[in-house]
Amino acid sequence: MINITFPDGSVKQYNDGITSIEIAEQISPRLAKEVYAATVNGEVIDLTRPINSDATLKLHKWDDVEGKHAFWHSSAHLLAEALESLYPGIKFGIGPAIENGFYYDVDPGEGKAITDNELVVIENRMKELAAKNLAFIRREVSKEAAIALFSKKGDQYKVELIGELEDGTISLYTQGSFTDLCRGPHLSSTEPIKAIKLLNVAGAYWRGNEKNRMLTRIYGITYPKQKLLDDYLLFLEEARKRDHRRIGKELELFTFSPRVGMGLPLWMPRGAELRQNLINFMTKVLKKRGYAIVATPHIGDVNLYKTSGHYEKYGKDSFQPMSTPQEGEQFMLKPMNCPHHCEIFNATPHSYRDLPYRMAEFGTVYRYEQSGELHGLTRVRSFTQDDAHHFCRPDQLKEEFKSIIDLVQFIFKAVNLSEFTAQISLRDNENKEKYIGSDENWEKAEKAIIEAAEEKKLETTVVLGEAAFYGPKLDFMVKDAIGRKWQLGTIQVDYNLPERFDLTYNGSDNQKHRPVMIHRAIFGSMERFIAVLIENTSGKFPLWLAPEKAVVLPISEKFNDYALKILDFLNNSDICTLIDDRSEKIGKKI
RNA sequence: GCCGAUGUAGCUCAGUUGGUCAGAGCAGCUGAUUUGUAAUCUGCAGGUCGGGGGUUCGAAUCCCUUCAUCGGCUCCA
C-alpha cells in the first residue's frame with residue numbers, strides 16, 4: 001500500500017501501482033471524466049501512469065493550466081496525425097501547447113505549402129480521428145531506438161531533437177497510427193476533444209533561428225465543449241473591434257500613408273490632442289518629482305553612437321548615416337536619447353549633493369524595423385519616448401529605482417491601466433559576449449533591480465537573456481485586445497554609459513566619482529502606450545485625457561474620483577497628495 | 001527580411017465559372033418634412049476595382065511584378 005496526500009492535506013491509502021485516473025474514479029466517476037492530468041510529487045504526468053510510492057497528488061481539470069496544457073498538447077498530436085494522413089511524407093518539428101491552444105511546426109516538403117483554406121479539411125480529419133477515442137499510449141525507448149525509428153520515417157527534425165536528449169529520458173506517445181517524440185503528459189485518449197478549430201497558418205523558423213529552414217506553423221485551439229469554443233471565437237471577434245488600428249481610424253486619431261513611408265505614424269488633430277494631454281500630464285508629474293526637462297536634436301554625429309557602443313551593436317540595423325555635402329561629416333537619425341543626455345550631464349560639473357540628477361525628454365527616435373515587424377502604433381519606425389535618465393550615486397541607486405516603480409504604478413493607475421505584469425530581464429550568462437561591461441557591474445545592477453522589485457513587493461517574472469546590451473532592466477508589460485504582451489514602461493540600470501562618456505561627480509572626499517545611470521520610460525513610447533491604452537479601454541478615455549468629442553466614460557466611480565483629482569492637479573490647484581512624492585525625501589529640491 | 005493571406009467609393013462590404021460588374025448600406029452634399037434627439041423622405045456626387053506589365057476579341061475577375069496591409073517567425077537599443 002502507498003499513501004497519497006491530496007492538496008487539502010488529507011491522506012489516503014491505495015494499492016501500489018494505482019493510477020491517478022483510478023484514484024479519480026474512486027473519488028467520483030464524474031471527476032474522472034473531468035480530469036486531464038495529474039501532478040504527482042511535483043511532476044505533471046499522465047493520468048494512466050502508475051504511482052509506485054508515497055506521493056502527493058493533485059488532479060488537474062480544465063480549469064488548471066496543467067489540465068489545459070495536457071488537453072492542448074494532445075490536440076497538437078491529433079493535428080499531427082491528421083496532417084500525416086492528409087500529407088504523406090510531411091515532416092514534423094515541434095508541437096507544444098501555448099497560452100491559448102497549441103501549434104505544430106511542420107515541413108510539408110520542398111515547394112509545397114499548406115494554406116488557410118486547407119485548414120477546414122485538416123480540422124474535419126481531426127474531428128474524425130478524435131471521435132475514434134484513440135488512447136494515447138506512452139512508451140519509453142532508448143536513444144538508439146528512437147533515432148532509428150525517426151530516421152526510418154525520415155523525420156530529420158525529430159532526429160535532431162533526439163540527438164540532444166539524454167539516453168534514458170526518451171518517451172514516445174502513440175495514438176492511432178501516429179507516434180511522436182514527446183515528454184508528455186497527455187490525455188488518456190482523444191475522447192474529451194470535442195470542439196476543434198484551426199486558427200491560422202504562419203511561417204516559423206526551425207528552432208527559432210532565422211538561418212534555418214522556415215517551417216509551416218499551424219495554430220489551433222480545442223475545447224471539451226462546443227460552447228467554450230464558440231465563446232472563445234466570439235471573444236476574438238469582440239477583441240478585433242477594440243483593435244487600436246480600427247478605433248484609431250474611427251476616432252480619427254492617427255493614420256499612415258505609404259507616401260510618407262511605412263511605420264511612420266501621422267497624428268491627426270484629435271490623436272495629437274490625446275497625445276499632448278498625456279505629455280502635459282506627465283510633464284507636470286515629472287516637474288513635481290524633480291526632473292529637469294531637456295531637449296536634444298533628432299540627429300547626432302556617428303561618433304556619438306560609436307562612443308556609446310550603440311553603433312557597434314545596432315549600426316548595421318539602423319537607418320544608415322547621412323553625409324553632409326562638404327565637410328565629410330556623418331550623422332545618424334537618433335535611435336535613442338541616452339548619449340545626448342550624457343553629454344548634457346557632462347556639460348556642467350556635479351557635486352554629490354546635487355545627485356540624483358533626473359533628466360527627461362519627450363524624445364522622438366528613429367529605428368529601422370524590418371518591414372514585417374511593423375504593427376499599427378505598437379511597432380513603428382518613428383516614435384516618441386517619454387525618456388529620462390537618472391544620474392545618481394551608487395548608494396542612491398536602489399531608492400531611485402524604487403521611486404520609479406512608484407511612478408510607473410501611479411501613471412498606470414492614472415489612465416486606469418490596472419492589468420500589467422512586471423518582468424525582470426537579466427543577462428544570459430551563457431552568451432556574455434552579447435553584452436558590454438564588467439561582470440562585477442552587471443552583478444551589482446542585477447542585484448539592485450531584484451532587490452528594489454522585492455522591496456516594492458512587485459510581482460515579477462525573471463527572464464534570462466532579455467537584458468539590454470548595457471544593463472539589466474525591469475519592464476512593465478500590458479496585453480493588447482487579443483492578449484499579445486507589449487512592453488510599455490522600462491527601468492534599466494546602466495554602469496556602462498557613464499564609463500564610456502566618462503561621467504563624473506565630485507564626492508564628499510573631493511575626488512571624482514562615477515555616477516550610476518538609470519534609463520527609464522513610463523509610457524515607453526507615446527505611440528505604443530496610446531495603442532495599448534485604446535485596446536484596453538475600447539477607445540473610451542478618462543475625462544482629463546480625452547480629446548474633444550471623444551467618448552468619455554469613467555470606468556468606475558472609484559476611478560472617476562481619481563480622474564477628477566488628476567484634473568484638479570492639471571488645473572494647478574494644489575492637490576498633489578495623490579502623488580507619492582518621494583522627490584523631497586530623496587531628490588534634490590526644486 | 002522570411003512564410004502565408006489580403007488590397008473594389010471616406011467607412012463596412014456585394015460582385016457566381018473573365019463578357020451591361022463598376023454596385024449596396026452608412027458617411028457627405030441638396031431639397032422637403034417635422035411624428036425631437038444614431039430622425040424620415042427626394043435628389044446629387046464619390047472608384048481608371050492599390051500601382052505597373054502581360055494573356056485575351058474582352059479582366060475587378062487569369063498570369064507576372066511592385067507597393068501597402070493582416071496573421072505569425074526572426075528582431076526589438
Side-chain angles (χ1 to χ4, degrees), chain A residues 93-94 98 101 103-108 111-119 198-220 236 239-241 243 245-252 255-264 268 305 308-319 332-339 363 365-376 378-381 383 385 387 389 425 434-436 465-473 475 477 480 482 484-487 490 492 494 496-497 519 521 524-525 528 551:
Chain A
I94 57 166
I98 52 179
Y103 67 78
Y104 219 117
D105 284 349
V106 298
D107 183 352
K112 294 183 192 167
I114 296 172
T115 57
D116 297 344
N117 40 20
E118 293 165 55
L119 290 182
L198 295 182
L199 296 162
N200 49 45
V201 295
Y205 298 108
W206 169 236
R207 318 211 79 177
N209 187 330
E210 64 181 327
K211 294 193 180 77
N212 289 341
R213 181 175 171 81
M214 180 158 273
L215 305 179
T216 302
R217 176 169 295 179
I218 300 178
Y219 286 93
L236 286 182
R240 274 189 273 276
K241 291 181 190 162
D243 190 313
R245 293 165 296 194
R246 179 189 176 118
I247 292 175
K249 185 175 263 180
E250 281 169 7
L251 297 185
E252 295 177 9
T255 188
F256 289 90
S257 156
R259 252 199 285 265
V260 173
M262 62 166 83
L264 302 173
M268 297 163 83
Y305 307 106
S308 70
H310 288 103
Y311 187 83
E312 193 193 341
K313 181 85 179 166
Y314 296 105
K316 283 197 288 294
D317 300 319
S318 298
F319 285 116
M332 292 185 75
L333 280 168
K334 80 171 164 184
M336 78 292 301
N337 306 297
C338 343
V365 298
Y366 304 86
R367 294 180 183 176
Y368 170 76
E369 306 285 4
Q370 298 185 83
S371 55
E373 286 160 354
L374 298 173
H375 182 98
T378 51
R379 198 75 188 275
V380 287
R381 287 178 167 175
F383 57 96
Q385 298 176 306
D387 204 2
H389 296 92
S425 300
K434 280 165 61 183
Y435 310 92
I436 59 171
E466 292 284 306
F469 74 96
Y470 48 75
K473 54 184 185 159
D475 291 330
M477 334 277 283
D480 68 11
I482 62 172
R484 290 176 291 215
K485 274 187 186 177
W486 295 94
Q487 178 206 309
T490 180
Q492 312 173 353
D494 181 5
N496 290 301
L497 283 191
H519 307 243
S525 80
R528 182 178 289 179
V551 183

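Note that these values count all heavy atoms, side chains included, but never hydrogens, waters or copies made by symmetry.
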[atom1] of [X] versus [atom2] of [N]: gap in Å, rounded?
{"X": "R240(A)", "N": "C11(B)", "atom1": "CZ", "atom2": "C1'", "answer": "19 Å"}
{"X": "R213(A)", "N": "G4(B)", "atom1": "CZ", "atom2": "P", "answer": "11 Å"}
{"X": "Y103(A)", "N": "G4(B)", "atom1": "OH", "atom2": "P", "answer": "19 Å"}
{"X": "L198(A)", "N": "A5(B)", "atom1": "CG", "atom2": "C1'", "answer": "16 Å"}

When rounded to the nearest Å, what value does the distance between [atom1] atoms of [N] and [M] take?
{"N": "U6(B)", "M": "U61(B)", "atom1": "C1'", "answer": "16 Å"}
{"N": "G52(B)", "M": "U16(B)", "atom1": "C1'", "answer": "29 Å"}
{"N": "A22(B)", "M": "A60(B)", "atom1": "C1'", "answer": "8 Å"}
{"N": "A59(B)", "M": "C76(B)", "atom1": "C1'", "answer": "43 Å"}
{"N": "U48(B)", "M": "U74(B)", "atom1": "C1'", "answer": "40 Å"}
{"N": "G46(B)", "M": "G71(B)", "atom1": "P", "answer": "34 Å"}
{"N": "A27(B)", "M": "A9(B)", "atom1": "C1'", "answer": "11 Å"}
{"N": "U12(B)", "M": "G7(B)", "atom1": "P", "answer": "13 Å"}

Listed partners of Y311(A) passing ring pair (Phe, Tyr, Trp, His ring centres under 6.0 Å), at least two apart: none
Residues in ring pair (Phe, Tyr, Trp, His ring centres under 6.0 Å) contact with Y104(A), at least two apart in sequence or another chain: F92(A)
Contact summary for M332(A) and S318(A), nearest pair of heavy atoms: CE-CB, 3.7 Å
Most 5' of K112(A) and R381(A) on RNA chain B, judged by nearest nucleotide: R381(A)
Flag, side chain of N496(A) to backbone of I436(A), donor-acceptor distance under 3.5 Å: yes
K434(A) backbone acceptor or donor facing K313(A) side chain under 3.5 Å: yes
Any strand counts, and the cut-off is 3.5 Å on both contacts for Watson-Crick or G-U wobble. Which nucleotide pairs with [N]?
{"N": "A24(B)", "result": "U12(B)"}
{"N": "U17(B)", "result": "none"}
{"N": "G47(B)", "result": "none"}
{"N": "U69(B)", "result": "A5(B)"}

CD (E250(A)) with more than 12 external heavy atoms under 6.0 Å: yes
G46(B): syn or anti, per glycosidic angle within 90° of 0: syn
Among F469(A), Y470(A), Y366(A), Y368(A), ring-ring contact (aromatic ring centres under 6.0 Å, His included) partner for Y314(A): F469(A)
Touch class at under 4.0 angstrom, heavy-atom based, for T216(A) against every strand present: nothing
Point-to-point distance, once rounded to the nearest 0.5 Å, from CE of M214(A) to OG1 of T216(A): 9.0 Å
Footprint string (nucleotides 71-77 of chain B, 5' to 3'): B base within contact, S backbone only, - free, heavy atoms under 4.0 Å: BBBBBBB
